[in-house]
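Beneath this line is the structure, given in structure tokens, with notes to follow.
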Amino acid sequence: MPDSLRALAALGVTLDGLDTGEFRGIRFVGPNDEVESRFPNGAGRGIRRTLLHQALIDRAEALGARLLWETRVEARSEGEITLNGKSVSFRWLIGADGNESRIRRLARLETGSAYERRIGLRRHFLVKPWTELVEIYWGEDCQAYVTPIAADQVCVALISRERQSSFESAIAQFPKLVARLAAGEVITAVKGAVTVSRRFPAVTSRNVALIGEASGSADAITGEGLAMCFRQAVALGSALAAADLSLYEREHRKIMRLPQFMGRSMLLMDRSGWIRERTLRALSGQPRIFDRMLSVHVGAVPVTAFGLDTAMNFGWQLLTA
């Protein structure tokens with residue numbers, strides 16, 4: 001997303017010269033209604049995760065970081081870790097080890113977590129993107145996300161609360177999308193992952209800090225997972241430089257607040273067919289409301305700019321849809 005790119009640039013990482021797709025907004029597609037909106041400024045980039053990982057690796061190594069691949073890390077106590085069995089002392093310990101973080105458990109930061117879990121499947125197709133928008137198709141118990149990742153490729157991700165029997169059976173819910181992909185060629189195997197929404201009351205303890213999904217997460221529907229992590233990295237770097245993790249704790253809460261709120265809001269459409277149908281009908285009838293929502297979502301305007309009049313108008317549209 002455009003705000004993700006700005007956060008990434010703050011870390012000194014650029015995607016220039018890499019094989020990417022470009023998108024300039026979001027389109028919601030339902031069985032009967034659809035609505036779209038363009039970003040108020042800038043464009044987003046779709047990129048294969050392996051390419052992004054390499055860009056991050058290159059930047060870290062250029063700054064002098066030592067990356068110890070194939071090294072087994074074990075946290076034996078809050079003050080001791082081992083690398084391949086050898087004890088290592090540290091000033092700061094950063095848990096960047098994902099949803100099932102062992103560092104989080106070690107630092108006793110698990111208490112009070114709340115989460116919801118959904119299952120995602122993804123596959124890449126060799127087909128020219130038919131739009132400069134990311135499309136989200138809404139089905140009865142599943143969403144399909146279509147992102148251009150190159151001039152001739154798209155990524156299709158399917159996410160649902162229940163495990164799907166196969167990628168093919170799940171995507172069959174979206175005949176419009178199936179027709180778009182018919183001219184293309186499948187170029188990757190299906191891969192799966194779990195997307196989790198979690199909140200923790202604290203992400204630091206003494207000289208330990210959590211970052212990325214180890215520190216909490218928002219559902220993939222927001223498209224903000226990477227942006228949150230990049231912002232956290234900048235905030236954590238500043239806190240470490242000041243030797244004060246309380247600065248990171250405060251900033252982390254601010255970073256997580258909007259994506260988690262937007263995630264909870266959009267997942268109401270996933271839980272209820274009644275809400276989903278009325279929301280899509282209301283937004284298609286008043287696309288300016290969707291414009292304002294997207295502007296808030298990508299940080300172009302504050303939440304307060306959504307306005308009471310816009311909220312009341314949207315509520316009325318829902319009631320009368």
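Here the structure is a predicted model, which means the values were calculated and not measured.
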**Q.** Salt bridge present between R231 and E224 (N-O < 4.0 angstrom)
**A.** yes
Q: Could you state whether M256 and V196 fall into the same hydrophobic cluster, counting links through intermediate Ile, Leu, Val, Met, Phe, Trp or Tyr residues with side-chain heavy atoms under 4.5 angstrom apart?
A: no
Q. Within a reach of under 6.0 Å around NZ of K191, are more than 12 heavy atoms found that belong to other residues, nucleotides or ligands?
A. no
Q: Could you please spell out the steps behind the side chain to side chain contact (heavy atoms under 4.5 Å, CB included) verdict for W274 and E277?
A: CA-CA 5 Å; W274 185 88; E277 291 172 13; over 6 Å; no
Q) Do I159 and I221 come within less than 4.5 Å of each other through their side chains, counting heavy atoms only? A) no
Q) In terms of hydrophobic clusters joined by side-chain contacts under 4.5 Å, are V234 and L245 together? A) no
Q. Just by distance, with hydrogens left out, do Q164 and S160 show a side-chain donor and acceptor under 3.5 Å apart?
A. yes
Q.
Quick check: closest heavy atoms across G223 and S4, and the distance to 0.1 Å?
A. O-OG, 4.4 Å
Q) Would a hydrophobic clustering, with Ile, Leu, Val, Met, Phe, Trp and Tyr connected at side-chain separations under 4.5 Å, put V190 with V194? A) no
**Q.** OG1-CD distance between T147 and Q153, expressed to the nearest 0.5 angstrom
**A.** 12.5 Å
Q) For the atom pair CZ (R276) and CE (M266), what is the distance rounded to the nearest 0.5 Å? A) 14.5 Å
Q: Heavy atoms only: give me the nearest A172-V178 pair and the separation to one decimal.
A: CA-CG2, 4.4 Å
Q. Are the side chains of R271 and L268 in touch, meaning some heavy atoms are under 4.5 Å apart?
A. yes
Q | Heavy-atom side-chain proximity of R118 to L267 below 4.5 angstrom | A | yes
(Q) Surrounding CZ of R49 (heavy atoms of other residues, nucleotides or ligands, distance under 6.0 Å), is the total greater than 12? (A) no
Q | E249 side chain to T204 backbone, donor-acceptor under 3.5 Å | A | yes
Q) Looking just at side-chain N and O atoms, do Q143 and D270 make a donor-acceptor pair shorter than 3.5 Å? A) yes
Q: Please report the C-alpha distance between L210 and I94 in whole Å, then the side-chain angles of each, then the deciding distance to 0.1 Å, and finally whether the side chain to side chain contact (heavy atoms under 4.5 Å, CB included) criterion is met.
A: CA-CA 6 Å; L210 305 175; I94 311 303; over 6 Å; no
**Q.** Atom pair CZ/CG of R45 and D19 - distance to nearest 0.5 Å
**A.** 10.0 Å
Q) Taking C-beta and beyond as the side chain, do F90 and E80 meet within less than 4.5 Å on heavy atoms? A) no
Q: Please determine if R24 forms a cation-pi arrangement with F39, meaning its NZ or CZ atom is less than 6.0 Å from the six-membered ring centre and no more than 45° off the ring axis.
A: no
Q.
Among residues at least two apart in sequence or on other chains, which ones pass side-chain contact (heavy atoms from CB on, under 4.5 Å) with I47?
A. L15, L18, T20, L51, L52
Q: Using modelled atom types only, decide if a donor and an acceptor are shared between the side chain of S166 and the backbone of S169 within a distance under 3.5 Å.
A: yes
(Q) Under a plain distance cut-off of 3.5 Å, with no hydrogens placed, do S37 and D291 share a side-chain donor-acceptor pair? (A) yes
Q: Using a 4.5 Å cut-off on heavy atoms from C-beta on, say whether the side chain of R48 contacts that of T188.
A: yes
Q. Are M269 and I289 connected in a single hydrophobic cluster, I mean Ile/Leu/Val/Met/Phe/Trp/Tyr linked by side-chain heavy atoms less than 4.5 Å apart?
A. yes
Q. When you measure from the side chain of E213 to the backbone N and O of S101, does any donor-acceptor pair fall under 3.5 Å?
A. no
Q. So among N99, L109, D97, V208, which one has a side-chain contact (heavy atoms from CB on, under 4.5 Å) with R104?
A. L109
Q | Separation of L283 CG from M293 CE (nearest 0.5 Å) | A | 5.5 Å
Q) Which heavy atom in P148 sits nearest to a heavy atom in E22, and how many Å separate them? A) CG-O, 3.6 Å
Q: Mind listing the closest non-hydrogen atom pair of F23 and G46 along with its distance?
A: CE2-N, 3.7 Å
Q: Look at the rings of W138 and F28 and say which category their plane angle falls in: under 30° parallel, 30 to 60° tilted, over 60° perpendicular.
A: perpendicular
**Q.** Nearest non-hydrogen partners of T195 and A218, listed with the distance
**A.** OG1-O, 4.3 Å
**Q.** Heavy-atom donor-acceptor pair, T222 side chain to D219 backbone, under 3.5 Å
**A.** yes
Q: Identify whether V29 and F290 are in the same connected component of the hydrophobic contact network (ILVMFWY, side-chain heavy atoms under 4.5 Å).
A: no
Q. Could you go step by step and tell me if L158 and Y137 meet the side chain to side chain contact (heavy atoms under 4.5 Å, CB included) rule?
A. CA-CA 9 Å; L158 305 173; Y137 291 77; over 6 Å; no
Q | CG on L181 to CD1 on I171, rounded to 0.5 Å | A | 5.0 Å
Q) Does a side-chain heavy-atom distance below 4.5 Å link L247 with R250? A) yes
Q: Measure across I81 and A75 and return the closest heavy-atom pair with its distance rounded to 0.1 Å.
A: CG2-CA, 4.0 Å
(Q) I103 vs L93, test: side chain to side chain contact (heavy atoms under 4.5 Å, CB included). Steps then yes/no. (A) CA-CA 8 Å; I103 302 301; L93 178 62; 4.0 Å; yes
Q) Can you tell if the side chain of E34 reaches within under 4.5 Å of the side chain of S284, non-hydrogen atoms only? A) no
(Q) Treating Y248 as the side-chain partner and V203 as the backbone partner, does any N or O pair qualify as donor plus acceptor under 3.5 Å? (A) no
**Q.** Side-chain donor or acceptor of R102 paired with backbone N/O of V73 under 3.5 Å
**A.** yes
Q: Indicate yes or no: does E116 engage R199 in a salt bridge with an N to O separation below 4.0 Å.
A: no
Q. How about Y145 and V156: do any of their side-chain heavy atoms sit closer than 4.5 Å?
A. no
Q: Look at the side chain of T131 and the backbone N and O of L133, then say whether any donor-acceptor pair between them is shorter than 3.5 Å.
A: yes
Q. Will you find, in the side chains of E135 and W130, an N or O donor that is under 3.5 Å from an N or O acceptor?
A. yes
**Q.** Exam field: side chain N84 to backbone R72, donor-acceptor pair closer than 3.5 Å
**A.** yes
Q) Do any N or O atoms from the side chain of Q260 and from the backbone of S217 form a donor-acceptor pair under 3.5 angstrom? A) yes
**Q.** From CZ (R38) to OG (S295), nearest 0.5 Å
**A.** 13.5 Å
